[in-house]
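Have a look at the structure below, then the notes.
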2 protein chains.
Amino acid sequence: MITNKNCVIRLSRYKNALYRLQSLGFVRVFSDNLADAIGVLPSQVRKDFSLFGITGNKRGGYNIDSLIEKLNTILGKDQLQKVVIVGTGNIGSALMKYKGFEKEGISIAACFDIDPAKINRQAKIPVLPLEELKDFARANQIKIGVIATPDVAAQSALEMMLSAGIKGVLNFAPLRLRAPAEEIVINNVNLELELENVIYFVNALDKTRAA
Amino acid sequence: MITNKNCVIRLSRYKNALYRLQSLGFVRVFSDNLADAIGVLPSQVRKDFSLFGITGNKRGGYNIDSLIEKLNTILGKDQLQKVVIVGTGNIGSALMKYKGFEKEGISIAACFDIDPAKINRQAKIPVLPLEELKDFARANQIKIGVIATPDVAAQSALEMMLSAGIKGVLNFAPLRLRAPAEEIVINNVNLELELENVIYFVNALDKTRAA
DNA sequence: TAGATTGTTAATCGATTAACAATC
DNA sequence: TAGATTGTTAATCGATTAACAATC
């Protein structure tokens with residue numbers, strides 16, 4: 001098992017670049033082209049592939065179709081991934097409507113909220129009471145959940161997910177969730193932090209120029 | 001100038017942890033406590049502080065109030081940061097309504113869209129035609145922009161921001177933007193990719209267990 | 001064949017961790 | 001003072017980059 005997160009992220013980027021090349025009619029690709037497309041060095045591309053046992057042809061590069069297929073298998077995109085979202089505030093409902101996931105073979109099976117006013121069983125993506133999360137996730141074999149609740153509700157949302165058999169979480173609440181690492185994969189997206197980071201580097205750049 | 005992104009992200013996390021400790025009534029903190037709060041080692045905390053010239057007291061640790069102040073200065077939070085958002089689709093409008101930014105001293109000055117139907121000059125956060133971005137950003141000295149447009153519009157949004165004097169961009173469009181690195185800081189948030197990453201590690205964990 | 005590209009090994013680089021002298 | 005904690009230097013670790021033999 002590869003535990004380097006950056007490496008897995010690069011695989012996703014290669015895959016995206018390959019789809020673009022494919023739609024332009026290309027059939028083969030060299031490590032050189034892929035490297036340029038995602039902004040790394042050619043040896044990084046070959047190293048990444050080597051780590052996952054992906055091989056090409058010396059002199060002939062890689063066949064785009066079969067490369068896409070291999071990457072999709074590695075990334076679990078050979079099967080539809082069903083996810084649930086807990087929290088239907090701003091972030092939650094934006095994710096619910098977001099077209100990007102469907103395009104990537106990710107289907108939002110349902111959303112959950114604690115507020116009875118938000119419940120809507122008839123919607124294309126139903127919004128259900130939080131109490132039903134456990135039964136729903138088990139019945140539909142959901143393994144992936146998104147936490148888009150207010151901060152204070154995030155930890156308990158995680159615990160409900162754990163008890164519902166969910167194995168992976170994308171967390172948008174800006175705090176550190178506590179869970180046994182062997183039991184669940186947590187990936188945090190902290191929007192304030194990302195913006196703060198931009199602000200820092202802009203200021204730092206400014207100071208460098210002034211100096 | 002510190003160019004290690006991870007280090008800057010940790011500073012933000014320290015700051016958040018410190019606010020929590022402060023609200024619990026604590027006055028001083030040790031590298032040990034901070035390390036535990038954000039999940040790193042104590043020597044990492046001291047190393048990070050040392051990189052930014054932050055010092056404490058041997059035996060006495062760090063004073064929380066003054067530590068928060070120092071971190072806020074470094075992170076540019078001693079002044080209100082005004083940002084603009086281009087694109088008022090799902091992501092854009094979620095960000096517009098998101099409470100997390102205001103809490104962090106980040107104010108959304110305006111949003112911009114190419115669709116005339118979206119324009120709303122009377123709203124608390126006005127939605128303006130894209131053509132007005134340049135004048136607005138210059139008049140209001142906006143340095144930070146968020147790209148939340150469809151993929152195909154992202155590169156041109158970036159170029160308009162560049163010409164408007166914007167120096168830092170948080171990009172939600174899932175593609176690589178091209179720009180001269182010396183002129184602009186770009187931070188990408190790719191939601192599909194983050195979710196794909198969770199899916200990969202869940203599958204990988206599954207395989208490890210099965211084996 | 002000659003030339004180009006892979007796959008892998010070795011070298012480099014940078015970030016994290018450990019260790020410990022200084023000192024409150 | 002004795003004990004605990006910092007600040008910094010050195011050691012380790014892991015990821016990226018370079019180099020090059022194999023070969024299509």
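Chain A is the first sequence line, chain B the second, and so forth, proteins listed ahead of strands; every chain is numbered from 1.
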Within 6.0 Å of CD in Glu69(A), more than 12 heavy atoms from elsewhere
no

In this structure, are over 12 heavy atoms from other groups packed under 6.0 Å from Ile114(B) atom CD1?
no

NA contact type, [X], heavy-atom cut-off 4.0 Å: base, sugar-phosphate, or nothing?
| X | answer |
| --- | --- |
| Gly61(B) | sugar-phosphate |
| Tyr62(B) | sugar-phosphate |
| Gly56(B) | sugar-phosphate |
| Arg10(A) | sugar-phosphate |

Closest-nucleotide 5' rank along DNA chain C - winner of Arg59(A) and Arg46(A):
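The residue closer to the strand's 5' end, by nearest nucleotide, is Arg59(A).
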
Closest-nucleotide ordering on DNA chain C, the 5'-leading residue of Lys58(B) and Thr55(A):
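Its nearest nucleotide lies further toward 5', so the answer is Thr55(A).
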
Please answer whether the main-chain N or O of Leu170(A) pairs with a side-chain N or O of Glu194(B) as donor and acceptor at a distance below 3.5 Å.
no

What is the first contacted nucleotide of DNA chain D and what is the last, in 5' to 3' order, if contact means an atom lying under 4.0 angstrom from a heavy atom of chain B?
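It runs dG3(D) to dT9(D).
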
For dT9(D), give the paired nucleotide (Watson-Crick: N1-N3 plus N6-O4 or O6-N4; G-U: N1-O2 and O6-N3; both under 3.5 Å), or none.
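Its partner is dA18(C) (Watson-Crick or G-U wobble, both distances under 3.5 Å).
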
So what's dC24(C) paired with, Watson-Crick or G-U wobble, going by both distances under 3.5 Å?
dG3(D)

Which distance, rounded to the nearest 0.5 Å, do you find between the CG of Leu205(A) and the CD1 of Ile184(B)?
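One finds 10.0 Å between CG of Leu205(A) and CD1 of Ile184(B).
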
